[in-house]
Amino acid sequence: MNDTDFTGKTVLVVGGSSGIGNGIAHAFRERGARVHVWGTRATAADYDGVEGSELSGLGYTQVDVGDPDEIEAAPAPFETLDVLVLSQGTVVYQRGEFERAGWDRVVAVNLDSLMHCCRKFHGPLQESRGSIVIISSISGLGANRGNPAYAASKAGAISLTRTLGQAWARDGIRVNGVAPGLVDTKLTKVTTEHPRRREAAVAAIPAGRMGLPSDMAGAVVFLASPLASYVNGQTLVVDGGLSL
């Protein structure tokens with residue numbers, strides 16, 4: 001038996017329309033799962049031509065997870081749910097997170113929405129004895145002087161992973177997380193599109209390269225699979241050694 005075969009399973013990837021989430025969604029699809037994603041644009045077609053976005057073979061719903069009412073109103077993608085991956089995230093640069101609007105938006109998307117999504121799908125996941133995987137960041141393990149809301153929200157995501165892992169184990173739901181390092185996505189263009197910044201960033205990574213969405217996807221598939229059946233409340237750092 002292949003422990004990473006998800007044939008017959010259902011997976012929802014929030015934030016799965018691009019970047020890390022999109023890589024995760026296709027990793028499950030390639031392993032036989034029926035996969036649905038939530039994104040911010042009106043239709044899947046609105047992602048055509050967008051770098052890091054490939055929605056073929058995936059279901060799609062527009063949901064602004066920064067609004068708890070939209071989460072509550074969003075239709076369930078399947079009658080049952082086996083895996084919930086929370087990969088939503090945003091960031092505000094140029095010290096915008098030191099202002100109220102920037103702080104509120106980043107915390108709403110990066111932290112508040114995690115709990116709202118978990119609450120919404122607790123019932124189906126309990127029925128299936130399913131799994132939740134929360135994508136945080138190594139920014140949640142230390143300081144990030146330009147982005148206080150991003151760092152604080154990711155630290156909160158790691159703490160929430162521990163707490164729900166403990167609280168919901170009795171319900172048969174495993175809750176774990178992945179903390180990526182520097183991954184080449186639209187959120188990191190402030191670094192990757194500047195050759196000197198990119199060179200300096202890569203030089204600090206022991207693995208000698210930036211991460212790829214597929215690197216994160218491998219860790220998520222493991223955590224959601226029977227291979228990790230005794231892993232609960234943990235956040236796996238996947239950063240090429242950057243945080244060492």
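Please read all numbers here as calculations on a predicted model, not as lab measurements.
- In this structure, P180 and I20 have side chains that are in contact, with non-hydrogen atoms separated by less than 4.5 Å.
- For the residue pair S139 / Y150, no side-chain donor-acceptor distance below 3.5 Å is found, with atom types taken as modelled.
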Exercise. Evaluate side-chain contact (heavy atoms from CB on, under 4.5 Å) for R198 paired with D184, printing each intermediate quantity in order.
Key: CA-CA 10 Å; R198 183 185 181 105; D184 194 357; 3.7 Å; yes
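- Side-chain contact check for S18 versus T185: every heavy-atom pair is 4.5 Å or farther apart.
- The cluster map of Ile, Leu, Val, Met, Phe, Trp and Tyr, joined by side-chain heavy atoms under 4.5 Å apart, puts V231 and V178 in the same cluster.
- Under a 4.0 Å N-O distance rule, the pair D82/R34 does not qualify as a salt bridge.
- No side-chain heavy atom of R95 sits under 4.5 Å from any side-chain heavy atom of Y93.
- Under the 4.5 Å side-chain heavy-atom criterion for grouping Ile, Leu, Val, Met, Phe, Trp and Tyr, L164 is not connected to I135 through any hydrophobic cluster.
- If you chain together hydrophobic residues whose side chains sit under 4.5 Å apart, V13 and V220 fall into the same group.
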Quiz item: What's the verdict on salt bridge (charged side-chain N to carboxylate O under 4.0 Å, His left out) for R209 and D215, showing C-alpha distance, side-chain angles and the deciding distance?
Solution: CA-CA 12 Å; R209 66 174 178 86; D215 295 318; 2.9 Å; yes
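- We find the CG-CD distance between L86 and Q88 to be 5.0 Å, quoted to the nearest 0.5 Å.
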Practice problem: Take L242 and I138 through the side-chain contact (heavy atoms from CB on, under 4.5 Å) test and state the conclusion after the steps. | Solution: CA-CA 9 Å; L242 176 59; I138 60 168; 3.6 Å; yes
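- A donor-acceptor pair is defined here as one N or O able to donate and one able to accept, closer than 3.5 Å; no such pair exists between the side chain of N110 and the backbone of S153.
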Practice problem: Take S128 and T80 through the test side-chain contact (heavy atoms from CB on, under 4.5 Å) and record every step on the way to the result. | Solution: CA-CA 7 Å; S128 68; T80 61; 5.6 Å; no
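- Side-chain contact check for R29 and H26: at least one donor-acceptor pair (N or O, by modelled atom type) lies under 3.5 Å.
- E54 and S56 form a side-chain donor-acceptor contact under 3.5 Å, judged by distance and modelled atom types alone.
- Ring planes of F121 and W38: tilted class, angle from 30 to 60°.
- One distance of note links CE of M216 with CD1 of I24; it measures 9.0 Å at 0.5 Å rounding.
- For the residue pair E97 and N147, a side-chain donor N or O sits within less than 3.5 Å of a side-chain acceptor on the partner.
- Atom NE2 of residue H122 and atom CG of residue L84 lie 12.0 Å apart, to the nearest 0.5 angstrom.
- The shortest side-chain heavy-atom distance between V85 and V83 falls under the 4.5 Å cut-off.
- Within the 4.5 Å cutoff, side-chain heavy atoms of N22 are placed close to those of L58.
- Using a cutoff of 4.0 Å between basic side-chain nitrogens and carboxylate oxygens, K120 and D69 are not scored as salt-bridged.
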Practice problem: Kindly determine whether T161 and I132 satisfy side-chain contact (heavy atoms from CB on, under 4.5 Å), including the steps that lead there. | Solution: CA-CA 9 Å; T161 300; I132 298 171; over 6 Å; no
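- Both I134 and L12 are part of a single hydrophobic cluster, where members link through side-chain heavy atoms under 4.5 Å apart.
- Between the side chain of E70 and the main chain of P68, no donor-acceptor pair closer than 3.5 Å is present.
- Within a 6.0 Å radius of CD in E30, more than 12 heavy atoms belonging to other residues, nucleotides or ligands are found.
- The shortest distance between side-chain heavy atoms of V175 and I173 falls below 4.5 Å.
- Within the 4.5 Å cutoff, side-chain heavy atoms of V221 are placed close to those of R31.
- Contact check for M210 versus V202: side-chain heavy atoms found under the 4.5 Å cut-off.
- One hydrophobic cluster, built from ILVMFWY side chains closer than 4.5 Å, cannot hold both V91 and V183; they sit in different ones.
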